[in-house]
Amino acid sequence: MNSGASTDARAALSRLSGPAVDWRRLAPTRAERVLPTPRRSAVLMLFGAADGSPTTGPVAPDDSAVLLLRRSAGLRHHPGQIGFPGGGLEPGDTGPAAAAVREAVEETGVDPSGIELFTPLPELPLAVSNHIVTPVPAWWQHPSPVHAVDAAETQEVFLAPVAALLDPDNRRSVEQVRGMRIPRMPAFELDGRLIWGFTGVLLSGLFDTLGWTRDWDETRLAEPDA
């Protein structure tokens, strides 16, 4: 971890602002084109204490975790892939943050009253499904039980320890999917799960911005099976 990185994960997330996060600089492989009328979406990047305890004081990045889910294999877009809770903005949503929380409740059953929301980050295109996605960082002040609410949409819900995600031994690059070459993108291998694609880019870019990233070997490759 960089010497200038914050020792309090919540404080670091709360200080993020749009100008500090340049996804195109941090992840140039995601500079994609979408159609003229993309759908607006949002994802919830929900961090909290890795041990699931309520937070009353500083939490070191290595003692934090992030909420992720695995999409069901039968879905049309990104089947079986790991991602953040989230989805498309609906007419009743007041903005990306509201949409991200609503979707997280629908997908994981999380209690929204325990979530502290921070400033949404710059949007990023997801051309494969024609979405413009707004990442919404948040802190899980009062963790609640979570589970896969609808098996047709979500296969599993889990906490990914940040210490494991930052471990250079768990970092990978993906440059081939189902035999097809793609621009190299960052990924994470964790307990038999491969976190790659849009989610891998967001996590890697966020860690770079926060100064949490540790040197890792970008030539170590993994090929997704989903």
Side-chain angles (χ1 to χ4, degrees), residues 1-31 43-53 55 57-70 81-85 116 118-119 121-122 124 133 135-140 143 158-177 182-225:
M1 191 175 302
N2 295 345
S3 59
S6 172
T7 57
D8 182 358
R10 181 203 159 276
L13 290 163
S14 72
R15 289 195 295 265
L16 284 173
S17 62
V21 184
D22 182 351
W23 298 121
R24 281 166 170 56
R25 177 180 60 82
L26 295 168
T29 61
R30 301 305 300 188
V43 295
L44 187 68
M45 306 177 80
L46 181 58
F47 289 78
D51 62 4
S53 62
T55 308
V59 175
D62 275 358
D63 294 329
S64 68
V66 60
L67 183 67
L68 297 174
L69 55 81
R70 184 190 297 275
Q81 290 188 20
I82 293 171
F84 297 103
E116 180 184 11
F118 301 131
T119 303
L121 301 178
L124 189 64
V133 185
V136 181
W139 186 255
W140 212 354
F158 63 97
L159 279 174
V162 169
L165 293 172
L166 296 176
D167 186 339
D169 287 342
N170 294 330
R171 300 297 305 266
R172 300 288 187 274
S173 292
V174 169
E175 58 182 33
Q176 183 168 289
V177 180
I182 62 171
R184 180 181 290 182
M185 61 177 61
F188 304 81
E189 202 165 64
L190 187 64
D191 297 330
R193 306 178 180 100
L194 185 64
I195 304 167
W196 69 288
F198 190 77
T199 305
V201 166
L202 288 182
L203 282 171
S204 183
L206 183 72
F207 294 156
D208 285 353
T209 300
L210 294 171
W212 297 356
T213 300
R214 296 163 186 155
D215 290 338
W216 60 285
D217 183 0
E218 296 185 24
T219 66
R220 297 182 67 187
L221 303 179
E223 184 171 352
D225 57 9

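The analysis underlying the following values was restricted to heavy atoms, covering all of them including side chains, and did not include hydrogens, waters or symmetry mates. Nothing fancy with the numbering, it's 1 onward along the sequence.
Side chains of Phe188 and Arg172 form no contact here, defined as non-hydrogen atoms less than 4.5 Å apart. The side-chain heavy atoms of Phe47 and Val66, taken from C-beta on, include a pair separated by under 4.5 Å. By the 4.5 Å heavy-atom criterion applied to side chains, Trp140 and Leu159 are counted as neighbours. Side chains of Arg220 and Asp169 form a contact here, defined as non-hydrogen atoms less than 4.5 Å apart. With a 4.5 Å cut-off on side-chain heavy atoms, Ser204 and Met185 do not count as touching. Within the 4.5 Å cutoff, no side-chain heavy atoms of Asp191 are placed close to those of Phe158. Between Leu206 and Leu13, the closest side-chain pair of non-hydrogen atoms falls below 4.5 Å. Within the 4.5 Å cutoff, side-chain heavy atoms of Leu190 are placed close to those of Leu165.
In this structure, the separation between OG on Ser64 and CG on Leu166 is 8.0 Å, given to the nearest 0.5 Å. Once rounded to the nearest 0.5 Å, the distance linking CD of Gln81 with CD1 of Ile195 reads 11.5 Å. The CG atom of Leu194 sits 6.0 Å away from the CD atom of Glu189 when rounded to the nearest 0.5 Å. Considering CG of Asp167 and CH2 of Trp216, their distance stands at 12.5 Å, rounded to 0.5 Å. With rounding to the nearest 0.5 angstrom, the CZ atom of Arg10 is 9.5 Å from the CZ atom of Arg15.
Leu221 and Glu175 make their closest contact through CD1-OE2, 3.4 Å (heavy atoms, listed as atom of the first residue, atom of the second, distance). Across all their heavy atoms, Val177 and Glu223 have their closest contact at C-OE2, 4.0 Å. Residues Thr55 and Trp139 share a closest heavy-atom pair of OG1-NE1, 3.2 Å. Taking all atoms of both residues into account, the shortest heavy-atom contact from Pro135 to Val133 is CD-O, 3.5 Å.
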Original post:
Are Leu16 and Leu210 close enough, and set up right, to give a side chain to side chain contact (heavy atoms under 4.5 Å, CB included), and what steps lead you there?
Top reply: CA-CA 8 Å; Leu16 284 173; Leu210 294 171; 3.8 Å; yes

Subject >> Full working for salt bridge (charged side-chain N to carboxylate O under 4.0 Å, His left out) between Arg214 and Asp62 >> reply: CA-CA 12 Å; Arg214 296 163 186 155; Asp62 275 358; 2.8 Å; yes

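Residues passing the side-chain hydrogen bond (donor to acceptor under 3.5 Å, both in side chains) test with Thr199: none are found, sequence neighbours excluded. Asp8 meets the side-chain hydrogen bond (donor to acceptor under 3.5 Å, both in side chains) test with no other residue; sequence neighbours excluded. Listed by chain and number, the residues in a side-chain hydrogen bond (donor to acceptor under 3.5 Å, both in side chains) with Thr213 are Asp208 (sequence neighbours excluded).
No option in Leu203, Leu202, Val174, Val201 other than Val201 meets the side chain to side chain contact (heavy atoms under 4.5 Å, CB included) test with Pro186.
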